[in-house]
Protein chains: 2
Amino acid sequence: MISSIAELISDRIGMMPAGERRAAQTLIANYPLIGLKTVAEFSAVAGVSSPTILRFVARLGFQNYPEFQSALQDELAAQLQSPASRTLNPPALGGGAVSPMLEATLDNMRETFRHLSDKQLADIVAKLADRRGKTFLIGGRFTDPLARYMAAHLAIVQPNVFHLAGQESVWRDRLIDMGKRDVLVIFDIRRYQDSLIRFAETAHQRGVQIVLFTDQWLSPIARFARHVIAGRTAVPSAWDSSAALFVVAETLIGAVTRQLEADGAKRIRELESLR
Amino acid sequence: MISSIAELISDRIGMMPAGERRAAQTLIANYPLIGLKTVAEFSAVAGVSSPTILRFVARLGFQNYPEFQSALQDELAAQLQSPASRTLNPPALGGGAVSPMLEATLDNMRETFRHLSDKQLADIVAKLADRRGKTFLIGGRFTDPLARYMAAHLAIVQPNVFHLAGQESVWRDRLIDMGKRDVLVIFDIRRYQDSLIRFAETAHQRGVQIVLFTDQWLSPIARFARHVIAGRTAVPSAWDSSAALFVVAETLIGAVTRQLEADGAKRIRELESLR
DNA sequence: TAAAATACGTAACATACGATACAGCGCTCC
DNA sequence: GGAGCGCTGTATCGTATGTTACGTATTTTA
């Protein structure tokens with residue numbers, strides 16, 4: 001049962017030639033407003049010619065472009081009439097195996113943030129934005145990409161940000177550079193890695209402040225951590241989800257950036273000019 | 001301060017002659033869709049003549065009818081972009097400053113999945129789970145961690161999964177290994193990287209099927225992509241958010257794993273015993 | 001009540017829009 | 001490697017659309 005044009009498109013997008021597929025993707029990405037504009041504008045945004053747009057709507061089963069636009073408008077009208085429908089029926093799209101995954105992830109995030117206090121976040125932000133020390137980031141097998149992601153951003157807004165990669169022996173040696181003023185951000189969820197635990201313990205002994213991203217079961221590293229962020233990871237999948245931790249990381253990245261801007265960090269202003 | 005056309009109308013409706021007032025009332029009653037239709041339709045519904053409609057929009061301060069329609073569309077676009085502002089949980093949980101960041105992120109995810117069909121995801125999953133070809137993953141400056149994350153998982157459930165890291169010249173050379181049966185998963189959001197675009201184009205020419213993770217503005221790579229996943233990235237932060245794409249990635253990881261299990265892949269059973 | 005001013009609709013006009021024919025190109029399949 | 005097919009863009013065409021001029025109706029004011 002096809003009830004919306006968006007569904008109709010995704011149903012047939014596989015059978016479309018390249019140009020029309022671009023049109024379809026553009027429409028989906030700017031749904032539905034781009035479809036209400038003129039063929040010329042639509043084609044310009046999609047990067048194809050006008051006839052391709054017309055062939056695209058023809059393939060969807062419409063006799064002509066105005067008819068297609070009317071259909072879009074009718075759909076919009078129905079949507080606007082019942083604002084609830086947007087939030088309630090996850091427009092039938094989520095029917096299959098997708099929706100439970102998304103729902104669980106959204107729940108995880110809400111739960112994760114519910115257990116996070118503003119105070120806690122503020123403390124971490126203050127520490128991360130404190131430019132007197134260095135910041136090191138590291139993660140486990142599956143979470144190291146999160147460390148990389150965070151490092152990639154933080155390294156831009158401030159100096160002395162280092163992602164610890166590669167062999168265990170390599171980052172063990174970096175311990176020499178770490179001291180009391182420094183922060184070590186560790187991502188560690190089940191199954192917790194011994195190497196990370198040992199590393200955290202040694203760093204802790206050197207007085208390094210540890211910010212730990214872990215799951216609700218808490219990695220043993222929590223014992224050494226100054227700040228612990230416990231994210232929900234349960235989803236209907238064979239794997240645990242790091243999405244909640246990812247969002248916390250992004251939140252921190254944004255907050256640290258804002259903080260540094262507020263501090264009037266010269267670096268931020270210089271960055272602007274470099275762009 | 002007049003912020004919407006509806007307000008503008010109610011502000012001036014008192015000063016309008018009868019005919020134009022009918023037009024105004026009709027527009028308010030069918031706001032805003034009737035204004036997106038043609039002058040003739042609008043006038044017919046309002047029960048006035050075309051020129052009256054045009055005089056009406058002129059009185060609102062618009063130079064011509066298309067300009068008026070554009071303004072309505074822009075307004076609609078703003079409304080549709082942030083469903084949170086109107087429809088979603090107002091204060092919901094009393095959680096103080098529960099981070100507008102989180103709210104925006106949750107919205108982004110819902111919106112992203114709303115534009116994703118099961119069919120589309122199923123197609124991608126089928127391709128990724130097709131063990132006859134190789135899978136390559138690569139990302140941009142900020143999104144490469146997502147590629148790593150996905151690669152870390154996929155590489156466990158199936159062979160021939162490669163994350164392309166390091167210098168551009170390094171992965172360019174890997175093009176030799178790529179052919180029609182292979183899949184290239186690319187993460188590319190603003191600002192789109194030339195190196196990635198060139199790489200994608202070459203891979204496309206070699207017949208490699210490209211799965212693109214991008215933002216709602218669509219990387220130019222969409223032109224070469226077999227499948228495009230457009231994730232919402234807007235958040236109240238100095239940075240764009242990749243969280244929605246992250247969740248899509250996790251969803252795909254889970255689905256591919258399930259698919260391979262269903263296929264009875266020996267590898268999966270062997271994995272179990274290794275743990 | 002008459003005259004003037006304003007408002008409104010009819011009809012003709014010009015433009016810009018959607019539609020179509022056609023040619024070039026790449027791809028697939030012998 | 002060649003022939004055929006399908007896809008795409010360019011250029012052209014017809015028309016629906018917004019626009020405007022003008023005449024009639026309606027209201028307002030003296």
Side-chain angles (χ1 to χ4, degrees), chain A residues 5 9 12-27 32-73, chain B residues 5 9 12-27 32-73 179-181 200-210 220 222-226:
Chain A
I5 297 177
I9 292 170
R12 305 196 184 173
I13 198 172
M15 301 179 271
M16 291 183 187
E20 297 178 33
R21 192 157 51 225
R22 275 195 87 185
Q25 285 158 353
T26 307
L27 176 58
L33 284 173
I34 190 72
L36 297 180
K37 299 191 182 292
T38 65
V39 173
E41 287 181 271
F42 189 170
S43 66
V45 173
V48 297
S49 67
S50 303
T52 298
I53 298 295
L54 296 173
R55 281 187 286 261
F56 161 67
V57 303
R59 193 180 297 265
L60 291 179
F62 297 98
Q63 294 298 321
N64 48 33
Y65 195 71
E67 183 180 304
F68 162 72
Q69 288 189 316
S70 293
L72 280 179
Q73 288 188 358
Chain B
I5 297 178
I9 293 170
R12 304 194 184 176
I13 198 171
M15 302 180 273
M16 292 182 186
E20 296 178 31
R21 191 174 309 150
R22 285 193 72 180
Q25 284 162 349
T26 308
L27 176 56
L33 284 174
I34 189 73
L36 297 179
K37 299 192 183 290
T38 65
V39 175
E41 287 180 90
F42 191 170
S43 66
V45 173
V48 297
S49 67
S50 303
T52 298
I53 298 295
L54 295 174
R55 282 188 285 261
F56 162 66
V57 304
R59 190 181 298 266
L60 291 179
F62 297 99
Q63 294 297 321
N64 49 34
Y65 195 70
E67 183 181 303
F68 162 73
Q69 289 189 315
S70 293
L72 281 179
Q73 287 191 0
K180 304 193 184 213
R181 304 199 138 169
E201 182 169 11
T202 315
H204 173 67
Q205 285 164 358
R206 292 185 62 90
V208 179
Q209 284 198 20
I210 293 178
R223 182 188 196 99
F224 314 116
R226 185 82 175 71

J.: So what does A:Pro17 touch, heavy atoms closer than 4.0 Å: a base, only the sugar-phosphate, or nothing?
T.: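 Counting heavy atoms under 4.0 Å across all strands, the contact made by A:Pro17 is with sugar-phosphate only.
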
J.: Might you point out which heavy atoms bring B:Ile210 and B:Ala200 nearest each other, and give the distance in Å?
T.: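 That closest heavy-atom pairing would be CD1-O, 3.4 Å.
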
J.: Taking N or O atoms only and anything under 3.5 Å, show me the protein contacts with nucleotides 16-18 of chain C, one pair per line.
T.:
| unit_1 | atom_1 | unit_2 | atom_2 | d |
| --- | --- | --- | --- | --- |
| C:dG18 | OP1 | A:Val39 | N | 3.2 |
| C:dG18 | OP2 | A:Val39 | N | 2.9 |

J.: What residue pairs, at least two apart or across chains, pass salt bridge (charged side-chain N to carboxylate O under 4.0 Å, His left out) with a residue in residues 43-60 of chain A?
T.: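 Only A:Glu20-A:Arg59 qualify under salt bridge (charged side-chain N to carboxylate O under 4.0 Å, His left out).
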
J.: Of the non-hydrogen atoms in B:Phe62 and B:Ala71, which two are nearest, and what is the gap between them?
T.: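 Closest heavy-atom pair between B:Phe62 and B:Ala71: CE2-CB, 3.7 Å.
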
J.: For atom CD of A:Gln63, decide whether the heavy atoms of other residues, nucleotides or ligands shown that lie under 6.0 angstrom number more than 12.
T.: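 Atom CD in A:Gln63 is not crowded, with 12 or fewer foreign heavy atoms closer than 6.0 Å.
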
J.: Over its full length, what angle do the end axes of the helix from C:dT1-D:dA30 to C:dC30-D:dG1 make, each axis taken from five pairs and the result rounded to 10 degrees?
T.: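 Comparing the axis at each end, I get an angle of 30°.
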
J.: Nearest-Å distance, CD (B:Glu67) to P (C:dT15)?
T.: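 Going from CD in B:Glu67 over to P in C:dT15 covers 19 Å.
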
J.: Tell me every residue that passes side-chain contact (heavy atoms from CB on, under 4.5 Å) with B:Leu54, counting only those two or more places apart in sequence or in another chain.
T.: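 If we apply the side-chain contact (heavy atoms from CB on, under 4.5 Å) test to B:Leu54, skipping adjacent residues, the hits are B:Val39, B:Tyr65.
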
J.: Give the minimum heavy-atom separation between A:Ile53 and A:Ala46, together with the two atoms involved.
T.: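 Nearest pair, atom of A:Ile53 first, then A:Ala46: CD1-CB, 4.5 Å.
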
J.: What are the 5'-most and 3'-most nucleotides of DNA chain D lying under 4.0 Å from any heavy atom of chain B?
T.: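 Going 5' to 3' along DNA chain D, contacts run D:dT17 to D:dT20.
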
J.: For B:Ser49, give me all partners under side-chain contact (heavy atoms from CB on, under 4.5 Å), at least two apart in sequence or on another chain.
T.: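 B:Pro51, B:Thr52.
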
J.: Go along nucleotides 22-30 of chain C 5' to 3' and tag each nucleotide: B for a protein heavy atom under 4.0 Å from its base, S when only backbone or sugar atoms are that close, - otherwise.
T.: ---------

J.: Applying side-chain contact (heavy atoms from CB on, under 4.5 Å), can you list everything that pairs with A:Ala24, at least two apart in sequence or on another chain?
T.: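 Checked A:Ala24 against side-chain contact (heavy atoms from CB on, under 4.5 Å); matches are A:Ile9, A:Ile13, A:Met16, A:Phe56.
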
J.: Quick one: which residue pairs count as a salt bridge (charged side-chain N to carboxylate O under 4.0 Å, His left out) with a foot in residues 34-43 of chain A, not counting sequence neighbours?
T.: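 Every candidate salt bridge (charged side-chain N to carboxylate O under 4.0 Å, His left out) pair involving residues 34-43 of chain A fails, so no pair, neighbours aside, qualifies.
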
J.: Restricting to side-chain contact (heavy atoms from CB on, under 4.5 Å), what partner residues turn up for B:Ala203, sequence neighbours left out?
T.: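 Once residues adjacent in sequence are excluded, the partners of B:Ala203 under the side-chain contact (heavy atoms from CB on, under 4.5 Å) criterion are B:Leu175, B:Leu184, B:Val208.
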
J.: Please report the closest heavy-atom contact between A:Leu36 and A:Gln69, naming both atoms and the distance.
T.: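 That would be O-NE2, 3.1 Å.
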
J.: To the nearest Å, how far apart are A:Phe56 CZ and C:dT20 C1'?
T.: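 Between C1' of C:dT20 and CZ of A:Phe56: 20 Å.
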
J.: Is there a side-chain contact between B:Leu27 and B:Phe68, using heavy atoms and a 4.5 Å cut-off?
T.: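 Side-chain contact under 4.5 Å: yes.
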
